[in-house]
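Single-structure report; data block below.
Quick note: numbers below take in every heavy atom, side chains included, and nothing from hydrogens, waters or symmetry partners. Remember, it's a predicted structure, so these values are computed and weren't measured experimentally.
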Amino acid sequence: MNKYARLSLIATAALAMVACSKQEQAASGQASAPAQAASGGDSATIKIGQVSPMSGPISHLGKDNEYGAKLAIEDLNAQGVEIGGKKLKFELVSEDDQGDPKIGTQVAQRLVDAGVVGVVGHLNSGTTIPASKIYSDAGLPQISPSATNPDYTKQGFKTTFRVIANDVQQGKALGEFAAKELHAKKIAIIDDRTAYGQGLADQFEGAIKANGSEVVKREFTNNTATDFNAILTSIKATKPDLVFYGGMDAQAGPLAKQMQRLGIKAKLMGGDGWQTPEFVKLAGDASEGQYASSCGISRDKMPGFKAFDDKFKKEFNTDVQIYAPFEYDAVMVLVDAMKRAKSTDPKAYLPEVGKTDYNGVTGHIAFDDKGDIKNGAVTVYQVKNGKWEVVSTVGGDAK
């Protein structure tokens, strides 16, 4: 083989190695910065991310969130939104974080790499908070429809927003209701040790103490447990007037049943994590008379809920659990900011998110300087005849 032939073979091999390297880089998601929008002619495709636990014990809540986002995307595409002379087609990029903080950060990076221009999610505070650093570093607006832990918006990131009340507001409302309306003097508290469950329980404890009630027992479990007999036996001995559970419906349902089986007469109370149809289903007749709150005004007062609910049931053949209408509004708030900025570039429209003045399905939405919704409402419900009924609402902005 002559030297020219050898040189030709070496050059061919080098080119093949470069091509292989590029293929591997693309396959691993490490390619250079992704395009924010795929465009051609007078149209562009805009990707919006959504994250929720779509597998595991609270997958029904995760799918509920995803369905809300899907309806928003459908409605936006039906409207034919135009920005900068281009007709936009919105695409939902949905990820399952399984309610796990570690997986939450992994899928957050995956969305950044996929070129989304904004994110709606995550559902749980425990996944939302660590993921928020990744979105902040990427300069992507993030609106949670459901994460209530105050720490989410206390980090100082300019990218974090939420469209529901936080646990300071929710814990205060529940604590005052327990002390002033239910006249509960001796209260036992259980939490699931998640950022949400423990955070809400801490706020509730502070509120009841401020209103003269006593915490006779503070216990904890985890967010996968279903056997609470040891904890409840310990609590029963204190003869509480009320038991508070900070956690989700997958645990609250069995907890209510086991309270009934052990003959604990105290009412059970909790937050938005189990103010769901699923709790009633899981607890059966033990759900009757129990109390839980939800962040937001009651659905009968929400200006767009009836039409949203009708469409939701027709589209997905199921009832709204909790957060779907807030998820819908969160998507709409992102796009409303894009319209006002006349751009889908996160750098251009992020400042407009903070200036939001939007009337959505759930009511009026505007943010304070931290990204929390202004004047967030909290509604307390009680199960009566197998259905959640409104007892009272604190706060809210019906502009």
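To the nearest 0.5 Å, atom CG of residue Leu232 and atom CD1 of residue Ile264 are 4.5 Å apart. Remark: Ile129 CD1 to His122 NE2 distance equals 11.5 Å, nearest 0.5 Å. Atom CD in Glu214 sits 11.0 Å away from atom NZ in Lys185 (nearest 0.5 Å). Taking CD from Glu352 and CZ from Arg340, the interatomic distance works out to 5.0 Å, rounded to the nearest 0.5 Å. Interatomic distance, CD1 of Ile46 versus CG of Asp345, reported as 10.0 Å (0.5 Å rounding). One finds the CZ atom of Arg162 at 7.0 Å from the OG atom of Ser125 (value rounded to the nearest 0.5 Å).
With hydrogens and angles left out, the side-chain atoms of Ser392 and Glu181 include no donor and acceptor closer than 3.5 Å. No donor-acceptor contact under 3.5 angstrom links the side chains of Glu91 and Thr45, judged on distance only. For the 3.5 Å distance criterion, the side chains of Gln109 and Asp113 qualify, holding a donor opposite an acceptor. For Gln142 and Thr160, the side-chain atoms include no donor-acceptor pair closer than 3.5 Å. A donor and an acceptor atom, one from each side chain of Gln275 and Asp272, are nowhere located under 3.5 Å apart.
Note on Glu74 versus Lys70: no salt bridge recorded, every NZ/NE/NH1/NH2 to OD/OE distance being 4.0 Å or above. In this structure, Arg218 pairs ionically with Asp202, as a charged nitrogen and a carboxylate oxygen lie closer than 4.0 Å. Residues Arg193 and Asp191 are paired through a salt bridge, judged by an N-O separation under 4.0 Å between the basic side chain and the carboxylate. Electrostatic pairing of Asp310 and Lys306 counts as a salt bridge here, judged by a charged N lying under 4.0 Å from a carboxylate O.
Side chain of Thr379 to backbone of Gly296: a donor-acceptor contact under 3.5 angstrom is found. In this structure, the side chain of Lys186 engages the main chain of Thr238 through a donor-acceptor pair within 3.5 Å. Ser213 places no side-chain N or O within 3.5 Å of a backbone atom of Ala179 that could act as its donor or acceptor partner. Between the side chain of Trp388 and the backbone N or O of Thr276, at least one donor-acceptor pair lies under 3.5 Å. For Asn211 (side chain) and Ala207 (main-chain N/O), a donor-acceptor pair under 3.5 Å exists by modelled atom type. With hydrogens and angles ignored, the 3.5 Å screen pairs a side-chain donor or acceptor of Gln169 with a backbone N or O of Asn166. The closest donor-acceptor contact from the side chain of Arg299 to the backbone of Phe305 lies at 3.5 Å or more, if one exists at all. With Lys217 contributing its side chain and Ser234 its backbone, the two residues share no donor-acceptor pair below 3.5 Å. In this structure, Asp329 contributes its side chain and Thr362 its backbone to a donor-acceptor pair below 3.5 Å. Side-chain atoms of Asp368 come within 3.5 Å of backbone atoms of Asp372 as a donor-acceptor pair (strictly under, hydrogens ignored).
For the pair Phe316 and Lys63, the minimum side-chain heavy-atom distance is 4.5 Å or more. The side-chain heavy atoms of Met332 and Val361, taken from C-beta on, include no pair separated by under 4.5 Å. Side-chain contact between Pro57 and Met248 is absent, with no heavy-atom pair separated by less than 4.5 Å. Within the 4.5 Å cutoff, no side-chain heavy atoms of Glu288 are placed close to those of Val280. Using a 4.5 Å cut-off on side-chain heavy atoms (C-beta onward), Val117 and Tyr349 make contact. Side-chain contact between Asp42 and Lys86 is absent, with no heavy atoms from C-beta onward closer than 4.5 Å. Residues Met338 and Val81 have side chains not in contact (no heavy-atom distance under 4.5 Å, counting atoms from C-beta outward).
Cluster annotation: Val168 is not connected to Ile189 through the hydrophobic network of ILVMFWY side chains, with a link wherever side-chain heavy atoms come within less than 4.5 Å. Linking Ile, Leu, Val, Met, Phe, Trp and Tyr residues whenever their side-chain heavy atoms come within less than 4.5 Å places Tyr381 and Leu255 in a single cluster. At a threshold of 4.5 Å between side-chain heavy atoms, the hydrophobic network of Ile, Leu, Val, Met, Phe, Trp and Tyr places Phe308 and Leu334 in one connected group. With hydrophobic clusters built from ILVMFWY side chains whose heavy atoms lie under 4.5 angstrom apart, Val116 does not share a cluster with Phe157. Hydrophobic cluster membership differs between Val243 and Val216, with clusters built from Ile, Leu, Val, Met, Phe, Trp and Tyr side chains linked at under 4.5 angstrom.
Below 30°, between 30° and 60°, or above 60°: for Phe367 and Phe161 the angle between ring planes is between 30° and 60°, a tilted geometry. Classified by interplanar angle (parallel below 30°, tilted 30° to 60°, perpendicular above 60°), the ring pair Tyr67/Phe312 is perpendicular.
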Between Gln170 and Ser293, does a side chain to side chain donor-acceptor pair (under 3.5 Å) hold up when you go through it step by step? CA-CA 8 Å; Gln170 187 172 202; Ser293 62; 2.7 Å; yes
Chi angles and distances behind the side-chain contact (heavy atoms from CB on, under 4.5 Å) call for Gln258, Asp227: CA-CA 8 Å; Gln258 289 162 42; Asp227 182 356; 3.9 Å; yes
Check the pair Leu140 / Thr159 against side-chain contact (heavy atoms from CB on, under 4.5 Å), numbers first and verdict last. CA-CA 6 Å; Leu140 291 180; Thr159 51; 5.8 Å; no
What's the verdict on side-chain contact (heavy atoms from CB on, under 4.5 Å) for Glu219 and Ile235, showing C-alpha distance, side-chain angles and the deciding distance? CA-CA 8 Å; Glu219 297 280 359; Ile235 284 173; 4.3 Å; yes
After noting the C-alpha distance and the side-chain angles of Thr221 and Gln251, does the key distance pass the side chain to side chain donor-acceptor pair (under 3.5 Å) rule? CA-CA 10 Å; Thr221 180; Gln251 286 71 49; over 6 Å; no
Dump the intermediate steps for side-chain contact (heavy atoms from CB on, under 4.5 Å) on Val320 and Asp64, then the final yes or no. CA-CA 7 Å; Val320 169; Asp64 187 60; 4.1 Å; yes
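The number of heavy atoms from other shown groups lying within 6.0 Å of CG (Asn317) does not exceed 12. Residue Lys347 qualifies as open at atom NZ: its count of foreign heavy atoms under 6.0 Å is 12 or below.
Here the rule is side-chain contact (heavy atoms from CB on, under 4.5 Å) with Ile164, and of Cys295, Ser144, Ser294 only Cys295 fits it.
The shortest heavy-atom contact between Pro53 and Asp97 is N-OD1, 3.4 Å. Of all heavy-atom pairs spanning Asn149 and Gly199, the tightest one is ND2-CA, 4.3 Å. Shortest non-hydrogen contact noted between Gly289 and Lys267 is O-CD, 3.5 Å. Scanning both residues, Pro130 and Thr105, for their nearest heavy atoms gives CB-CG2, 3.7 Å. Between Ala330 and Val120, the shortest heavy-atom distance links the atoms CB-CG1, 3.6 Å. Among all heavy-atom pairs drawn from Val335 and Leu76, the shortest one is CG2-CD1, 3.5 Å.
Identified under the ring-ring contact (aromatic ring centres under 6.0 Å, His included) test for residues 189-234, with sequence neighbours left out: Phe204-Phe244.
Take Tyr291 and apply the ring pair (Phe, Tyr, Trp, His ring centres under 6.0 Å) test, not counting sequence neighbours, and it matches Phe177.
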